[in-house]
Amino acid sequence: MVQLIVGKKGKGKTKQLLDKVNSEVKDISGSIVYLDKSTKHMYELNNKVRLIDVSRYMIENESEFLGFVCGIISQDHDLEQMYFDSFLKIAALEGKDISAVIEKLDKMSDFFQVDFILSVSMDESELPEAVKDKIIVSL
């Protein structure tokens, strides 16, 4: 399953994402990975959540990002959830159509049984129709 937390920059998406991951970690038996553009939120995350600073891995396009995500999944068979903060930035999708990437993440989710929760810095009205059904929070 892919879920989206959407809203313009500065509307509180990261706080929503952090609250969600920290509440989910209590109820989940597998592992959780949190991808971000920096380590700024390290101390706001439960210590059971693995934080990965994506900026250190020189990802230049969405294909490299999807390969990176597959690499993480391949190394952790207990992985149940992945959180993507600043999704457009870490996936190199700023100013691009996100539909194809969301569709691939959806297929990966079904195949590997990993849920993806993304914070997307776009207003709900700017999102492609194909992904609007995945919105769980709109700020």
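- Between the side chains of K37 and S86, a donor-acceptor pair is found at a separation under 3.5 Å.
- In this structure, K20 places its NZ atom where more than 12 heavy-atom neighbours from other residues, nucleotides or ligands lie under 6.0 Å away.
- For the pair V2/V131, no side-chain contact is recorded, criterion being any heavy-atom separation below 4.5 Å from C-beta on.
- The pair K48-E24 fails the salt-bridge criterion, with no side-chain N (NZ, NE, NH1 or NH2) lying under 4.0 Å from an Asp/Glu carboxylate O.
- In this structure, R56 and V54 have side chains that are not in contact, with every pair of non-hydrogen atoms separated by 4.5 Å or more.
- With contacts defined as side-chain heavy-atom distances shorter than 4.5 Å, the pair V33/F84 does not qualify.
- Atom NZ of K40 has 12 or fewer heavy atoms from other residues, nucleotides or ligands within 6.0 Å.
- Between Y83 and Y34, the ring-plane angle classifies as parallel under the 30° and 60° cut-offs.
- Checking D53 against T39 by side-chain atom types alone, no donor-acceptor pair falls below 3.5 Å.
- Remark: side-chain polar atoms of S109 are paired, donor with acceptor, to backbone N or O of V114 under 3.5 angstrom.
- Judged by distance alone, with hydrogens and angles left aside, the side-chain atoms of D106 form no donor-acceptor pair with the main-chain N or O of I102 at under 3.5 Å.
- Side-chain contact, D76 with S31: a donor N or O sits under 3.5 Å from an acceptor N or O.
- Using a 4.0 Å cut-off between charged nitrogen and carboxylate oxygen, K96 and E62 count as a salt-bridge pair.
- With salt bridges taken as basic N to acidic carboxylate O contacts below 4.0 Å, one links D19 and K15.
- Contact annotation: the side chain of M108 approaches that of V69 to within less than 4.5 Å [non-hydrogen atoms, C-beta and beyond].
- Contact annotation: the side chain of I117 never approaches that of L4 to less than 4.5 Å [non-hydrogen atoms, C-beta and beyond].
- Using bins of under 30°, 30° to 60° and over 60° for the plane-to-plane angle, the ring pair Y57/F68 lands in the tilted bin.
- Side chain of D85 to backbone of D36: no donor-acceptor contact under 3.5 angstrom is found.
- V21 and L35 are members of different hydrophobic clusters when ILVMFWY side chains are connected at heavy-atom separations under 4.5 Å.
- Annotation: side chain of I5 is not in contact with side chain of V120 (no heavy-atom distance under 4.5 Å).
- L45 has its side chain out of reach of V25: every pair of non-hydrogen atoms, C-beta onward, lies at least 4.5 Å apart.
- L93 places none of its side-chain heavy atoms less than 4.5 Å from the side chain of N61.
- At least one donor-acceptor pair under 3.5 Å links the side chain of E126 to the backbone N or O of D123.
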